[in-house]
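The structure appears below as structure tokens.
Lettering of chains follows the sequences in order, A, B, ..., and the numbering in each one begins at 1.
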2 protein chains.
Amino acid sequence: MSSKELAVSELHRLIRNGHYAPQSQLPSERSLAEQLQISRSTLRKALATLESEGELWRHVGRGTFVGKCPAVESEVFPLPADLTNPSEVMEVRLILEPEIAVLAAHRATKTDITFMRQCLVKGDAARDTATFEMWDGALHRVIAEAARNTLLLALFQAVNAVRGHAIWGELKEATLTKQRRKRYVVQHYNMVNAIERRDAVDSQRLTREHLKAVRDDMLNKHY
Amino acid sequence: MSSKELAVSELHRLIRNGHYAPQSQLPSERSLAEQLQISRSTLRKALATLESEGELWRHVGRGTFVGKCPAVESEVFPLPADLTNPSEVMEVRLILEPEIAVLAAHRATKTDITFMRQCLVKGDAARDTATFEMWDGALHRVIAEAARNTLLLALFQAVNAVRGHAIWGELKEATLTKQRRKRYVVQHYNMVNAIERRDAVDSQRLTREHLKAVRDDMLNKHY
DNA sequence: CTACATACCAATAAAATATTGGTATGAATA
DNA sequence: TATTCATACCAATATTTTATTGGTATGTAG
């Protein structure tokens, strides 16, 4: 067995046994060559083999890393979190989410729907607001994913990010009485039922009604 | 007149006459003091006055700049430009823009509508695709602005950013025959007419039809 | 009281240096 | 002849160092 092949094996082993964790950075070529007691050019040949097998990736000036090279950095877009307000956010949600429900009614998989049902059960059983909110969020998100439009999902998540803000959080907390939660749970069940039976029109209508209820509860009581 | 007041006057004059352009950086306090032949502490008093009047802003380590301090850096969200596709983008546009038109029909100002009309005239008169596209973009943008929802405008702009991509640009170029442009111009006029007469239902319907025409021309001819 | 000169500090920008992978070359060894 | 080694150099990137900037404080002079 050649020097190179020995190095390939040893590096393979070190990666497999977790000595070099996934996504972690390996030592530099110069120090790794010294550590394995081979020349740097031999090491480079071994690394090239491992890279071609998808075990690691290398980048000039950065280093050598375990695993697959991360996807190209996404573009980013500015989000006017400090300039918008709850009313605008609800208005946007009322535009997006009923249409998301239409697409979800057409495109949801059995797995999607199973998870939606899980969210319903967990949300219904929640003992505090934070838990309820978490499952509420998860439900809306899986519906958005079920729409199967990457861009639309990104926009949905951006809107959610704005909702996550502190000023908004206080409104949520004060609004979510037990009575209202019960009503939202019923509305959630109806939405998921409509999606499951592939009824796009009902999905849209029920989502719109749910969001109007949320909006009215939130805005009328406090403004 | 005191030394400080003289400095305030002189700096005021230099800013007003454009010697220090809007948003540009002034020389450092040390060199400005030397230039005006006053002490740095006197200059600082003059700068403080001008800053309190909104003429300029100062930041430790960065410098002194003409005009108002820019808004705090927005939060950003990732935009999946490399993961979406023309079909998804059109689907999202068909969700957003008809609803934007509804809001614009309710909320557009006379100034908005005047500018919409200007876009129509300029788009109609365009002699090449790039110019037409520019006025097309400006029209859609002023409609989105007329909806008067900051968050919705941000989402609209995000979708536009994705549209601006190279792979997308080629599709646009091949699709825009003279005949099609003529048809789009007519559709644009109808959309603006509906917005102007505050007819939300027609605005929505006409926008949807326009976008469907664009989508069909774009996707059917090439896929 | 105003203005000046000077010293020092925190925040930021710019410049310099170090580190990383990539390529090339020539010599030694099996 | 193929493999391995040692060495040199370069481009890309990261880190460190130095310079610059506004901010504050102090003491002196008019």
Side-chain angles (χ1 to χ4, degrees), chain A residues 1-12 14-15 19-74, chain B residues 1-12 14-15 19-74:
Chain A
M1 189 134 87
S2 73
S3 202
K4 185 201 100 172
E5 282 157 1
L6 282 172
V8 170
S9 284
E10 178 63 8
L11 288 168
H12 223 290
L14 288 171
I15 290 170
H19 185 80
Y20 297 129
Q23 314 308 328
S24 70
Q25 178 163 14
L26 270 66
S28 71
E29 291 179 356
R30 289 170 179 90
S31 64
L32 205 45
E34 189 173 323
Q35 180 179 321
L36 297 178
Q37 295 182 317
I38 56 176
S39 76
R40 191 178 148 217
S41 46
T42 302
L43 173 73
R44 288 188 51 76
K45 287 195 164 92
L47 289 177
T49 297
L50 289 167
E51 188 173 21
S52 72
E53 292 170 4
E55 292 284 307
L56 54 85
W57 61 281
R58 300 182 289 172
H59 192 107
V60 177
R62 291 194 202 175
T64 303
F65 301 83
V66 177
K68 287 202 182 293
C69 181
V72 176
E73 281 290 312
S74 299
Chain B
M1 193 138 83
S2 74
S3 202
K4 186 200 99 173
E5 283 158 358
L6 282 172
V8 170
S9 284
E10 178 63 8
L11 288 168
H12 224 289
L14 290 170
I15 290 171
H19 184 78
Y20 297 130
Q23 315 308 328
S24 71
Q25 178 163 15
L26 268 67
S28 71
E29 290 178 355
R30 289 169 180 91
S31 63
L32 206 45
E34 190 173 322
Q35 180 179 322
L36 296 179
Q37 293 183 317
I38 53 176
S39 75
R40 191 178 147 216
S41 46
T42 302
L43 172 73
R44 289 187 52 74
K45 287 193 165 90
L47 290 176
T49 298
L50 289 167
E51 187 172 24
S52 71
E53 292 171 4
E55 291 284 306
L56 54 85
W57 60 282
R58 302 180 288 174
H59 192 106
V60 177
R62 291 194 200 174
T64 303
F65 301 83
V66 177
K68 287 199 182 296
C69 180
V72 176
E73 281 291 312
S74 300

Next item on the list: Any salt bridge (Lys or Arg N to Asp or Glu O under 4.0 Å) involving residues 30-42 of chain A? Give me the pairs, sequence neighbours left out, ordered by first then second residue.
Entry: A:Glu29-A:Arg40

Next item on the list: Select from B:Val60 and A:Val60 the residue whose nearest nucleotide in DNA chain C is closer to the 5' end of that strand.
Entry: B:Val60

Notebook entry, point to check: Please give, in whole Å, the distance from D:dT15 C1' to A:Gln25 CD?
Noted result: 13 Å

Side-chain polar contacts of residues 45-53 of chain A - donor-acceptor pairs under 3.5 angstrom, sequence neighbours left out - could you list them?
{"residue": "A:Thr49", "atom": "OG1", "partner": "A:Lys45", "partner atom": "O", "Å": "3.2"}
{"residue": "A:Glu51", "atom": "OE1", "partner": "A:Arg58", "partner atom": "NE", "Å": "3.0"}
{"residue": "A:Glu51", "atom": "OE1", "partner": "A:Arg58", "partner atom": "NH2", "Å": "3.3"}
{"residue": "A:Glu51", "atom": "OE2", "partner": "A:Arg58", "partner atom": "N", "Å": "3.2"}
{"residue": "A:Ser52", "atom": "OG", "partner": "A:Thr49", "partner atom": "O", "Å": "2.7"}

Check: Base, sugar-phosphate alone, or nothing: which one does B:Ile38 contact when heavy atoms must sit under 4.0 Å apart?
Finding: sugar-phosphate

Note to self: Looking at D:dA12, I'd like to know if its phosphate oxygens (OP1 or OP2) sit under 4.0 Å from a side-chain N or O belonging to A:His59.
What the structure shows: no

Item checked: Side-chain heavy atoms of B:Leu56 within contact of B:Leu11, under 4.5 Å -> no

Next item on the list: Please list, in 5' to 3' order, the outermost nucleotides of DNA chain C lying under 4.0 Å from any heavy atom of chain B.
Entry: C:dA3 to C:dA13

Item checked: Considering all heavy atoms, the nearest A:Trp57-A:His59 contact -> CZ3-CB, 4.0 Å

Check: Rounding to a whole Å, what distance do you find between A:Arg62:CZ and D:dT13:P?
Finding: 6 Å

Next item on the list: Grab the two heavy atoms, one from A:Leu36 and one from A:Glu10, that are nearest each other, plus how far apart they are.
Entry: CD2-CG, 3.8 Å

Check: What does A:Thr42 touch in the nucleic acid at a heavy-atom separation under 4.0 angstrom: a base, only the sugar-phosphate, or nothing?
Finding: sugar-phosphate

Check: Once you round it to whole Å, what is the distance between P of D:dT13 and CZ of A:Arg58?
Finding: 15 Å

Next item on the list: Give the minimum heavy-atom separation between B:Pro27 and B:Gln35, together with the two atoms involved.
Entry: CG-OE1, 4.2 Å

Next item on the list: Check the distance between D:dT26's C1' and B:Arg40's CZ and give it to me in whole angstrom.
Entry: 14 Å

Notebook entry, point to check: Can you tell me how far CG of A:Leu26 sits from CD1 of A:Ile15, rounded to the nearest 0.5 angstrom?
Noted result: 5.5 Å

Check: What's the CG-C1' distance between A:Leu43 and D:dA6, to the nearest Å?
Finding: 15 Å

Notebook entry, point to check: Is A:Ser2 touching bases, backbone alone, or none of the nucleic acid, heavy atoms closer than 4.0 Å?
Noted result: sugar-phosphate

Next item on the list: For B:Lys45, report the nucleic acid contact type (base, sugar-phosphate, nothing); a contact means any heavy atom under 4.0 Å.
Entry: nothing

Notebook entry, point to check: When the distance from CZ of A:Phe65 to P of D:dA12 is rounded to whole Å, what number comes out?
Noted result: 17 Å

